[in-house]
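Data first, discussion second: the structure below is written as structure tokens.
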Amino acid sequence: MSFCADCVKGVTHAGTPTGKTEQIGGRTCYVAVPKVDYPKDKAILFLTDVFGLELVNSKLLVDDFASNGFYTVAPDYLNGDSIPADAMSSPGFDIGKWFVNHGTDKTRPVLNDVIAALKEKGITKFGAVGYCFGGRYVFDLSFDNIISAGATAHPSLLQVPADLEKLVATSKAPLLICSAEVDQQYPLESQIKGDELLGDGKYPPGYKRAHFPGTVHGFAVRGDMSDPKVKAGKEGAFKETVQWFIKHV
């Protein structure tokens, strides 16, 4: 598994988070609660990119999901050791060295603890959305049938076609993929393979790929909002994900 240069590129977005940081299952999470009445037995797990909760972009997206009626929880599954935001403007950051200490042996236990604690609080249905690095975990949670629906934008670290084939063989969770035009992590050939293996009813739980021209890996969470195509892509990917969860969670 490897990363690409675009995994550590992007723009910090403007805004002030309105959610709060709290402990769930002994793990640090950023949580946003809808201001309107919402189903208390459902939750969205927000799985960040490598910049984690320190990058305001992710918190703003968590808030946006809550504004659309979803109780949304973003676990700090990077254990307080996310890549600093200034790496986006510092060429040469060694993401491979960082990744050594952020394998599933370190990250997955955090998710397991948070999910178990949320179940104790009465959550029975989970949706999960993952960006870049977080997309890998949407697949893993789908394999284990922990989530009722998954969504990912420009996922990283996938093994194609192996992970797609495993999804068909093991998962019952509908999957949405929001893909970029330029993406070394989930390139066009992988996107086409995904359509071949999951589309046209071959994946019974449900599959959709929403494609956004003029975008590169990272657009849905770190895209440059001054670029009209990127702005349309980020907003479009968010809308697709909200609609997906309304339908499937």
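Values reported hereafter were calculated over all heavy atoms of this structure, with side chains retained and with hydrogens, waters and symmetry mates removed.
- Side-chain atoms of Y77 do not come within 3.5 Å of backbone N or O of T104 as any donor-acceptor pair.
- Side chain of H102 to main chain of D81: a donor-acceptor pair is present (N/O by atom type, distance under 3.5 Å, no hydrogens or angles).
- M225 and F219 fall within the same hydrophobic cluster, where Ile, Leu, Val, Met, Phe, Trp and Tyr residues are linked whenever their side-chain heavy atoms come under 4.5 Å apart, directly or through other members.
- Looking at V221, V182, T215 one by one, the single match for side-chain contact (heavy atoms from CB on, under 4.5 Å) with H154 turns out to be V221.
- Checking side-chain atoms of D49 against main-chain N and O of F51 turns up a donor-acceptor pair under 3.5 Å.
- If you take SG on C178 and CZ on R209, they are separated by 10.5 Å, rounding to the nearest 0.5 Å.
- The environment of NZ in K202 is crowded: more than 12 heavy-atom neighbours from other residues, nucleotides or ligands sit within 6.0 Å.
- Under the 4.0 Å criterion applied to side-chain N and carboxylate O atoms, E181 and K229 are not assigned as salt-bridge partners.
- For D76 (side chain) and G80 (main-chain N/O), a donor-acceptor pair under 3.5 Å exists by modelled atom type.
- Under 4.0 Å is where a charged nitrogen must lie from a carboxylate oxygen, and between E235 and K231 at least one such pair does.
- Between the D224 side chain and the S226 main chain, a donor and an acceptor come within less than 3.5 Å of each other.
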Practice item. Test side chain to side chain contact (heavy atoms under 4.5 Å, CB included) on L141 and F126 and set out the steps. Key: CA-CA 10 Å; L141 293 173; F126 293 90; over 6 Å; no

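- Using modelled atom types, one side-chain atom of N145 and one backbone atom of T170 make a donor-acceptor pair closer than 3.5 Å.
- Q243 CD: more than 12 foreign heavy atoms inside a 6.0 Å radius.
- Heavy atoms only, all atoms of each residue included: W244 and A151 are closest at CD1-CB, 4.4 Å.
- Following chains of ILVMFWY side-chain contacts shorter than 4.5 Å, one can reach L176 starting from I246, so the two form part of one hydrophobic cluster.
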Exercise for review: Show the numbers, then the answer: is there a side chain to side chain contact (heavy atoms under 4.5 Å, CB included) between Y71 and L118?
Suggested key: CA-CA 11 Å; Y71 172 68; L118 289 172; 4.0 Å; yes

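- No donor-acceptor pair closer than 3.5 Å links the side chain of K166 to the backbone N or O of F143.
- I177 and L188 fall into different hydrophobic clusters, where Ile, Leu, Val, Met, Phe, Trp and Tyr are joined by side-chain heavy atoms under 4.5 Å apart, directly or via other members.
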Point to revise | CA sep, side-chain torsions, deciding dist, call: Y30, D63, side-chain hydrogen bond (donor to acceptor under 3.5 Å, both in side chains) | key: CA-CA 10 Å; Y30 179 77; D63 294 345; 2.8 Å; yes

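- Within a 6.0 Å radius of NZ in K172, other residues, nucleotides and ligands contribute 12 heavy atoms or fewer.
- In this structure a side-chain-to-backbone donor-acceptor pair under 3.5 Å is present from Q191 to A180.
- With E22 contributing its side chain and C29 its backbone, the two residues share no donor-acceptor pair below 3.5 Å.
- For D200, the CG atom sits in a loose shell: 12 or fewer heavy atoms of surrounding residues, nucleotides or ligands are nearer than 6.0 Å.
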Exercise for review: Under the side-chain hydrogen bond (donor to acceptor under 3.5 Å, both in side chains) rule, what do Y131 and S58 come out as? Steps first, then yes or no, please.
Suggested key: CA-CA 9 Å; Y131 298 85; S58 287; over 6 Å; no

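- Here the side chain of N79 pairs a donor or acceptor atom with the backbone of K106 at under 3.5 angstrom.
- Atoms CG and OG1, on L78 and T48 in that order, are 4.5 Å from each other to the nearest 0.5 Å.
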